[in-house]
Number of protein chains: 2
Amino acid sequence: MVVSDRIESAPGSSKRSSRKRLAILDAATEVFLRDGYLGTSMDEIATLSSVSKQTVYKHFSSKEALFVEIVSSLTDRTGDAVHAEMPPMQEAGDVATYLEAYGYRQLSIVLTPRIMQLRRLVIGEVSRFPDLARVLYERGPQRAMGELADLFSQLAADGLLAVKDPAMAAVHFNWLVMAQALNQAMLLGDDAIPTPAEQRRAVKEGLAVFLAAYGVKR
Amino acid sequence: MVVSDRIESAPGSSKRSSRKRLAILDAATEVFLRDGYLGTSMDEIATLSSVSKQTVYKHFSSKEALFVEIVSSLTDRTGDAVHAEMPPMQEAGDVATYLEAYGYRQLSIVLTPRIMQLRRLVIGEVSRFPDLARVLYERGPQRAMGELADLFSQLAADGLLAVKDPAMAAVHFNWLVMAQALNQAMLLGDDAIPTPAEQRRAVKEGLAVFLAAYGVKR
DNA sequence: ATGCAACTAGACTGTCCAGTACCGATGTGT
DNA sequence: ACACATCGGTACTGGACAGTCTAGTTGCAT
């Protein structure tokens with residue numbers, strides 16, 4: 001029920017065993033993301049990973065455990081990708097330019113079929129797996145806005161932004177940049193994910209509003 | 001698969017029949033919202049509505065048809081509630097005051113357990129029922145932003161707002177006001193729905209940013 | 001009150017699925 | 001090359017569920 005069970009492969013860690021384990025994880029990821037928790041059968045996972053059902057159960061004690069493992073791992077990897085080091089505002093001395101790059105980076109990483117499917121899956125299972133959703137929230141939007149808030153604090157201290165409440169500014173920036181695209185993609189499917197050009201435009205426009213409120217006049 | 005079948009009750013519209021029909025719809029709404037499409041059984045719906053399974057199938061040809069009916073009807077009713085006539089900016093001659101009321105109204109109507117559950121349900125079923133999700137998108141956010149765009153057009157014509165692209169301004173206003181609360185409620189569950197006081201604050205803060213970008217200086 | 005449509009109860013079919021059991025085959029470390 | 005853990009195939013158990021069927025019951029309109 002909870003996030004756990006990330007301790008190597010429990011049985012012998014022979015090469016074969018971990019190869020199988022990976023195959024199972026890959027197949028399960030694909031099927032769960034496509035068909036949801038209840039819509040997925042363990043037989044399908046076994047078949048798709050070219051592994052016997054027995055082997056699946058040797059690695060994962062139950063469907064639920066496998067599901068939790070998949071979602072946790074995807075969530076973590078995604079979070080790390082989003083928050084890989086962003087070069088902290090070097091020669092792009094222009095705040096606007098820097099924030100535009102920052103926003104576009106976030107948007108383009110998040111607006112991926114994979115991540116959209118994960119979000120839909122987790123949201124659809126909120127009542128069955130509230131812990132998974134909470135973790136996704138914390139490792140996702142919350143973490144992103146936390147880092148943004150830190151950034152804005154710094155920029156405010158440097159006199160480059162007029163930010164009184166960094167957390168609030170982070171919320172505004174984050175959603176000015178991402179909300180429309182995200183909401184569209186969530187409901188209209190992966191085909192509604194904006195093109196890079198559209199993403200850039202959304203970031204520019206959102207940033208303009210943000211700077212009107214939080215920029216320093218010069 | 002598609003939205004249809006809203007023509008009275010197909011069999012004789014005796015009082016009893018329509019009473020049963022309503023009971024079924026009520027029970028099905030509750031169960032589907034709670035347990036999702038696959039997680040719901042027709043037996044449970046029958047039991048909860050104190051009706052025999054046979055009667056359920058006399059009114060709705062299949063589980064899928066019942067589901068579509070429920071979701072469509074909920075979507076429509078919600079859309080109508082959100083877009084019931086808003087007194088068009090009378091004595092509250094102040095644009096800010098008016099927009100604050102407008103925003104708060106939207107937020108407080110949308111941030112309801114019922115509607116959050118509906119959104120989660122539909123999002124979780126995007127790949128199984130893409131039409132339902134599309135309808136929810138159109139009757140929900142798209143419609144709201146459409147009306148906002150009209151409003152902004154008018155206000156711009158009256159010289160009360162500096163809006164060049166009403167649709168874009170609508171997107172910004174909508175998400176500045178709603179995104180944070182909505183995203184939180186989607187992932188953290190109904191208990192994370194902000195209190196009215198918090199909602200008011202979010203609207204005020206979002207509106208301030210909006211007006212910094214789109215307000216007319218005076 | 002009477003006839004008929006609508007309803008109830010529950011059994012039933014066919015299918016699907018999580019999880020287990022068994023056994024013969026196979027790859028791995030030594 | 002050998003021994004043994006691991007694996008594949010497959011069948012099985014127990015239970016759930018969509019949808020159907022039947023036979024008897026109930027409530028509504030006339």
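What you see is a predicted model; the values in this text were computed from it and never measured.
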Next item on the list: Assess whether side chain to side chain contact (heavy atoms under 4.5 Å, CB included) is satisfied between T40(A) and F67(A), documenting all intermediate values.
Entry: CA-CA 10 Å; T40(A) 293; F67(A) 182 73; over 6 Å; no

Margin query: Between T55(A) and S52(A), is the side-chain hydrogen bond (donor to acceptor under 3.5 Å, both in side chains) condition met? List the steps.
Written below: CA-CA 5 Å; T55(A) 303; S52(A) 82; 3.2 Å; yes

Item checked: CA sep, side-chain torsions, deciding dist, call: R77(B), D80(B), salt bridge (Lys or Arg N to Asp or Glu O under 4.0 Å) -> CA-CA 5 Å; R77(B) 269 184 286 150; D80(B) 291 347; over 6 Å; no

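On a pure distance criterion of 3.5 Å, no polar donor-acceptor pair joins the side chain of K53(B) and the base of dG10(C).
Between K20(B) and dT8(C) there is a side-chain N or O to OP1 or OP2 distance below 4.0 Å. Proximity of H59(A) to the phosphate of dT6(D): no side-chain N or O atom is located under 4.0 Å from OP1 or OP2. Of the side-chain N and O atoms in R19(B), none sit less than 4.0 angstrom from OP1 or OP2 of dT26(D). Using a 4.0 Å cut-off, some side-chain N or O of K63(B) falls inside it from OP1 or OP2 of dA18(D).
At the heavy-atom level, S50(B) lies under 4.0 Å from the strands shown only through sugar-phosphate atoms. Within the nucleic acid shown, T55(B) comes within 4.0 Å of at least one base atom, counting heavy atoms only. The residue S61(A) sits apart from the nucleic acid: no heavy atom pair falls under 4.0 Å.
Listed here is the closest heavy atom pair of A170(A) and L148(A): CB-CB, 3.7 Å.
Without hydrogens or angle criteria, Q199(B) side chain to P194(B) main chain gives a donor-acceptor distance under 3.5 Å. At least one donor-acceptor pair closer than 3.5 Å links the side chain of T195(B) to the backbone N or O of E198(B). Using a distance-only test at 3.5 Å, with no hydrogens or angles considered, a donor-acceptor pair links the side chain of S108(B) to the main chain of R105(B).
Near DNA chain C, meaning a heavy atom under 4.0 Å away, there are no residues from residues 25-33 of chain B.
For the pair L38(A) CG and dA16(D) P, the interatomic distance rounds to 14 Å; values are reported in whole Å. At whole-Å resolution of the value, CG in D43(B) and P in dG15(D) are 16 Å apart. To the nearest angstrom, C1' of dC17(D) lies 15 Å from CG of L66(B). Taking atom CG on D35(A) and atom P on dC16(C), their separation rounds to 14 Å, with Å as the unit. Rounded to an integer number of Å, the gap from Q54(A) CD to dA21(C) P is 9 Å. We find that CZ of R21(A) is positioned 20 Å from P of dA5(D), with the value rounded to whole Å. Summarising the geometry, the separation between NZ on K58(A) and C1' on dA21(C) is reported as 11 Å, rounded to the nearest angstrom. As a whole-Å value, the separation of Y57(B) OH from dC17(D) P is 12 Å.
The distance between the ring centers of F173(B) and F152(B) falls below 6.0 angstrom.
Using a 30° and 60° split on the angle between ring planes, Y37(A) and F32(A) fall in the parallel class, below 30°.
Axis angle between the ends of the helix from dA1(C)-dT30(D) to dT30(C)-dA1(D), five pairs each and rounded to 10 degrees, works out to 30°.
Rounding to the nearest 0.5 angstrom, the gap separating the CD atom in E30(A) from the CG atom in L48(A) is 5.0 Å.
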